[in-house]
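I have placed the structure first, in the form of structure tokens, so that the comments after it can refer back to it.
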4 protein chains.
Amino acid sequence: MNTRKEKTQQRILHAAASAFWLQSYQAVNVNQVCDLAKVNKATLYQHFGSKEALAVAAITQHFERQKTEVYEAALSAAPNPIDRLSGIYQRIYQQHLSRYDQGESCAGCPFVNISSEMASSSSVIRDAVDAVFTHFRTYYRLIARDAKVIGYANRELDGDVAAPALVTIMNGALVSAKAENRPDAILESLDTAKLILRG
Amino acid sequence: MNTRKEKTQQRILHAAASAFWLQSYQAVNVNQVCDLAKVNKATLYQHFGSKEALAVAAITQHFERQKTEVYEAALSAAPNPIDRLSGIYQRIYQQHLSRYDQGESCAGCPFVNISSEMASSSSVIRDAVDAVFTHFRTYYRLIARDAKVIGYANRELDGDVAAPALVTIMNGALVSAKAENRPDAILESLDTAKLILRG
Amino acid sequence: MNTRKEKTQQRILHAAASAFWLQSYQAVNVNQVCDLAKVNKATLYQHFGSKEALAVAAITQHFERQKTEVYEAALSAAPNPIDRLSGIYQRIYQQHLSRYDQGESCAGCPFVNISSEMASSSSVIRDAVDAVFTHFRTYYRLIARDAKVIGYANRELDGDVAAPALVTIMNGALVSAKAENRPDAILESLDTAKLILRG
Amino acid sequence: MNTRKEKTQQRILHAAASAFWLQSYQAVNVNQVCDLAKVNKATLYQHFGSKEALAVAAITQHFERQKTEVYEAALSAAPNPIDRLSGIYQRIYQQHLSRYDQGESCAGCPFVNISSEMASSSSVIRDAVDAVFTHFRTYYRLIARDAKVIGYANRELDGDVAAPALVTIMNGALVSAKAENRPDAILESLDTAKLILRG
DNA sequence: AATGAATGAGAGTTCATTCAT
DNA sequence: GATGAATGAACTCTCATTCAT
């Protein structure tokens with residue numbers, strides 16, 4: 001699947017995702033995305049139809065990346081659920097730290113950001129983000145199940161309760177990190193996440 | 001302090017806070033705020049200088065309102081720290097529910113929203129929100145202290161750790177409520193909050 | 001004539017003349033003039049009715065000042081027409097130099113400036129400036145007459161021709177000084193003025 | 001060089017130059033220019049970036065036109081330096097007369113006007129005008145040299161002194177023409193110009 | 001008489017989107 | 001098919017001027 005068409009689309013999506021994350025949906029304009037992706041504006045519109053559709057596609061693409069680079073990587077790296085949980089936090093922390101050390105401000109979670117900004121105005125963007133969070137829960141559900149298996153978690157721990165709570169605390173952590181412009185806030189929520197996991 | 005000037009300012013701030021909350025900072029334009037507040041655009045600018053300054057003032061005003069209507073009300077209503085925690089969640093839930101029942105979508109936390117949207121673009125907005133969260137922590141610190149006093153919380157519970165965690169979980173809960181367009185998500189985080197409080 | 005009313009008017013006129021000179025008629029707004037003059041905006045309007053009327057009054061006031069400080073001062077300082085001509089140039093040069101040395105850019109002739117800017121839009125301003133130039137010619141006519149008397153000027157020199165030419169060269173000199181941002185351009189036209197005077 | 005892009009740009013520049021000349025930089029708004037040029041406002045901004053940049057481009061374009069229509073035309077029409085000087089004055093006079101006879105007021109020199117209005121506020125505009133005057137001097141230097149060759153000018157005449165003086169007198173003449181709303185003032189300065197040329 | 005507060009109209013500029021080559 | 005050029009609508013902000021006290 002390396003057709004020229006797909007390469008162009010990937011370039012656009014990557015540019016859009018970066019720009020939306022660094023600033024915000026509305027602060028980024030289509031020209032900036034075109035410049036970053038080095039495509040003509042009409043080309044972008046031929047591929048994605050509208051800025052909103054581009055955002056949805058960028059959300060999906062960024063989601064795929066995080067799935068691989070954060071969640072599946074953390075699962076692959078360790079069998080132990082606590083290590084896995086820790087691995088997720090470490091990876092997200094590193095993503096923020098590396099940008100922060102380059103002088104950029106702490107960008108927070110791209111999904112939280114665009115949802116907070118646009119959920120009221122665009123239900124299609126809201127739904128795209130909702131689907132992302134729904135999927136993220138599956139990883140936490142897996143971790144919760146294993147935490148019970150190894151006896152870390154309480155016996156009554158309900159994975160269907162813990163999983164959304166773990167997404168919630170991660171989102172909250174990233175909100176704090178952005179509001180305080182302090183990547184460390186991410187790691188500081190790991191203890192709370194463990195608390196949730198214990199039940 | 002019911003001068004004409006202050007009445008006008010309050011009208012503008014109320015309109016701005018409502019509009020920013022229902023949509024977003026960038027989705028709202030100054031004309032809309034003027035129409036809502038029934039003031040001329042030049043009047044608004046004479047009072048607040050810029051849209052950004054208006055947002056900061058609106059954040060502060062909304063903060064004062066939440067301080068009174070949510071946090072201090074919850075503290076006044078019950079001496080018990082768990083009841084107080086619960087009271088905070090109930091009040092914030094009610095705010096969302098009443099609007100949701102009127103057909104509006106679940107707006108989430110205005111402070112989280114504007115921070116997620118604007119923190120990277122406007123440090124003055126970011127700082128204003130940061131100050132709000134900092135203040136909210138004081139209420140949770142109080143609750144944590146009392147939770148230790150009555151023996152609900154663990155002896156080792158550190159209020160300076162629990163308080164930010166409680167702000168974080170509340171923010172995460174409101175992010176979920178917005179992303180899922182479901183006010184119930186707020187109440188569903190109360191258990192996590194209690195977990196944090198227990199330590 | 002030192003009534004409080006007149007003092008206020010003088011303060012306003014002085015502020016307006018300064019501001020218009022330093023920037024331009026349209027670049028200066030009424031608020032700036034009020035701030036400089038430390039009067040309320042409504043007070044200014046009560047005294048002058050409109051920005052245009054204020055400009056006309058400021059032109060007249062500045063004219064009176066230049067009459068005294070430049071032309072009559074130069075005439076008083078020397079009986080010789082060449083010295084008098086030179087005195088006029090020196091005084092105008094000094095006005096520009098002192099401001100230029102304080103870091104401001106070379107402002108040129110306030111009458112030329114406002115005429116170039118506004119003559120096409122406001123005939124009342126144009127006429128006010130025209131009257132100023134008309135009056136200035138009388139000083140040069142006097143100098144031309146004396147130049148003939150002492151034999152410096154040609155016998156055929158017509159004062160009614162030389163006088164407007166001397167106003168013209170002064171105006172041109174101030175245009176150059178402003179365009180080049182170089183007060184020296186003023187003095188460099190003195191030789192041309194002498195040439196005109198000689199006939 | 002008749003691309004669509006260039007045609008649009010020329011239309012805009014012509015409209016801008018006309019409008020700025022007839023009124024003033026600040027009195028003309030971008031909408032007027034767009035209406036005159038029959039282009040959309042966004043198109044104008046895509047081509048010129050800002051009103052200030054448009055003014056600079058309009059100055060340059062008007063300069064090219066005057067170079068051709070006035071200065072080079074006058075040089076081509078006659079070999080004799082006095083005739084050439086006279087030709088310059090005649091051409092500028094005719095430009096003013098034809099508009100004046102159509103009922104418009106005497107607009108003066110567009111370069112002098114915009115410099116007098118804007119030099120203090122915009123150094124880029126000031127510099128653009130300064131460059132124009134610098135170039136005009138080259139024509140007068142040529143004329144001064146030839147005037148010496150044919151023995152009209154004094155032997156000691158310094159072209160580097162006469163040339164700026166000739167620009168200065170022309171500018172002064174156009175200031176007078178505008179202030180008095182009387183095109184004849186232009187021709188009346190020709191004698192002074194000859195005086196300068198003689199040395 | 002004097003002033004703080006208000007206003008309608010309009011300024012320059014930018015946007016997401018589409019046309020025309 | 002790809003792109004440079006164009007567009008209508010909307011944006012934030014400012015102006016000279018007047019009202020209400």
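The structure presented is a predicted model; accordingly, all values stated were derived computationally and were not measured.
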Closest approach to the side chain of A:V30, judged atom by atom: which nucleotide of E:dG8, E:dT17, E:dA6 is it? E:dT17

Nearest-nucleotide pick for C:N40, side chain only, options being E:dC15, E:dA11, E:dG4: E:dG4

Just how far, in rounded Å, is [atom2] of [N] from [atom1] of [X]?
X: C:F48; N: F:dT17; atom1: CZ; atom2: P; answer: 14 Å
X: C:N29; N: E:dG10; atom1: CG; atom2: P; answer: 18 Å
X: B:D35; N: F:dC11; atom1: CG; atom2: C1'; answer: 14 Å
X: C:N31; N: F:dA16; atom1: CG; atom2: C1'; answer: 9 Å
X: C:I12; N: F:dA16; atom1: CD1; atom2: P; answer: 15 Å
X: C:Q32; N: F:dT14; atom1: CD; atom2: C1'; answer: 11 Å
X: B:Q46; N: E:dG4; atom1: CD; atom2: P; answer: 11 Å

Please confirm whether any donor atom in the side chain of A:K41 sits under 3.5 Å from an acceptor in the base of E:dT18, or the reverse. no

Could you tell me whether C:H14 atom NE2 has more than 12 heavy atoms of other residues or ligands within 6.0 Å of it? no

Whom does F:dA6 pair with, Watson-Crick or G-U wobble, provided both distances fall under 3.5 Å? E:dT17

Scan B:V28 against the nucleic acid and name what it touches under 4.0 Å (heavy atoms): base, sugar-phosphate only, or nothing. sugar-phosphate

Between A:V39 and D:H47, just flag the one whose closest nucleotide in DNA chain F comes earlier from the 5' side. A:V39

Between A:K38 and A:R11, is there a donor-acceptor pair closer than 3.5 Å when you use the side chain of the first and the backbone of the second? no

What closest approach, in Å, do B:K178 and A:S120 show between heavy atoms, and which atom pair accounts for it? CE-OG, 3.5 Å

